[in-house]
Amino acid sequence: MPEDVATNLTRVIYAPIPDDAFADVDLRPFGWAPGGYFGRGCLDCSEGFSGDKRCRRCRACAIKALVAHRDRPRWQSGHEGIPTDRPVWAYFYDNGSGDGQDVTLLRGVSDEDGETFTVDYEGRPWERDGHIVCWIDAQERPSLSVEAVEAILAVLPSEAFDLCLGHVVEDWLHREALRAVVDGHRDAPAIAAAALKSRELKFSRYYD
Ligand SMILES: [Zn+2]
């Protein structure tokens with residue numbers, strides 16, 4: 001092994017762990033843990049690094065991944081705080097839906113009340129009337145997640161939401177949870193378990 005590589009390796013392995021605000025235990029899920037092994041290439045930056053044998057990332061890149069995860073867009077329940085100047089993704093209860101698909105994941109611009117959601121339809125604005133169930137300020141189309149289900153459940157008993165719609169949204173949510181199972185969604189059991197918690201919520205159901 002050429003001397004400079006060996007020196008570099010020694011330097012990397014014995015470099016003290018920087019005293020930053022990040023705990024090793026928090027970085028572990030993001031691909032780095034302390035250890036005396038030399039990783040040849042970090043998943044993100046391709047640099048060599050020291051750490052545990054099973055590390056995928058260097059410590060710096062694991063920190064970046066952790067921060068990106070903490071700062072990720074999150075689902076927000078109801079229409080509170082929804083931006084009205086740019087499109088967001090939302091689960092939207094559509095008053096005009098005649099095809100039995102009561103709630104749809106749409107990208108559009110909401111009004112302040114969350115009752116008009118303007119989507120792009122073949123290059124033209126299409127105003128849909130209904131209610132924002134939950135929304136997320138993300139570019140990429142989100143998929144159903146436990147976090148989304150929790151945001152949906154939070155709106156059901158809320159005064160801000162049309163109380164008559166709760167049971168319709170609940171029925172739709174249970175169908176979506178079944179669909180996640182059928183589709184083999186990797187979080188399907190957790191999504192289904194989260195969706196079933198709607199039964200613990202008190203809101204008007206036409207049948208009780
Ligand atoms: Zn890296």
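Each ligand, and each atom within it, is numbered from 1 in the order the structure gives.
Note on the Zn ion (ligand 1): protein N, O or S atoms under 2.8 Å away count 4, no waters included.
Among residues two or more places apart in sequence or in another chain, the ring-ring contact (aromatic ring centres under 6.0 Å, His included) test is passed with Tyr93 by none. Here Asp120 pairs with nothing under the side chain to side chain donor-acceptor pair (under 3.5 Å) rule; sequence neighbours left out. Not a single side chain to side chain donor-acceptor pair (under 3.5 Å) links Arg107 to another residue, sequence neighbours left out.
No more than 12 heavy atoms of other residues, nucleotides or ligands shown are found within 6.0 angstrom of CZ on Arg124.
Neither side chain, Ser110 nor His79, offers a donor N or O lying under 3.5 Å from an acceptor on the other. Under the 3.5 Å distance criterion, with hydrogens and angles disregarded, no donor-acceptor pair is assigned to the side chains of Glu112 and Thr84.
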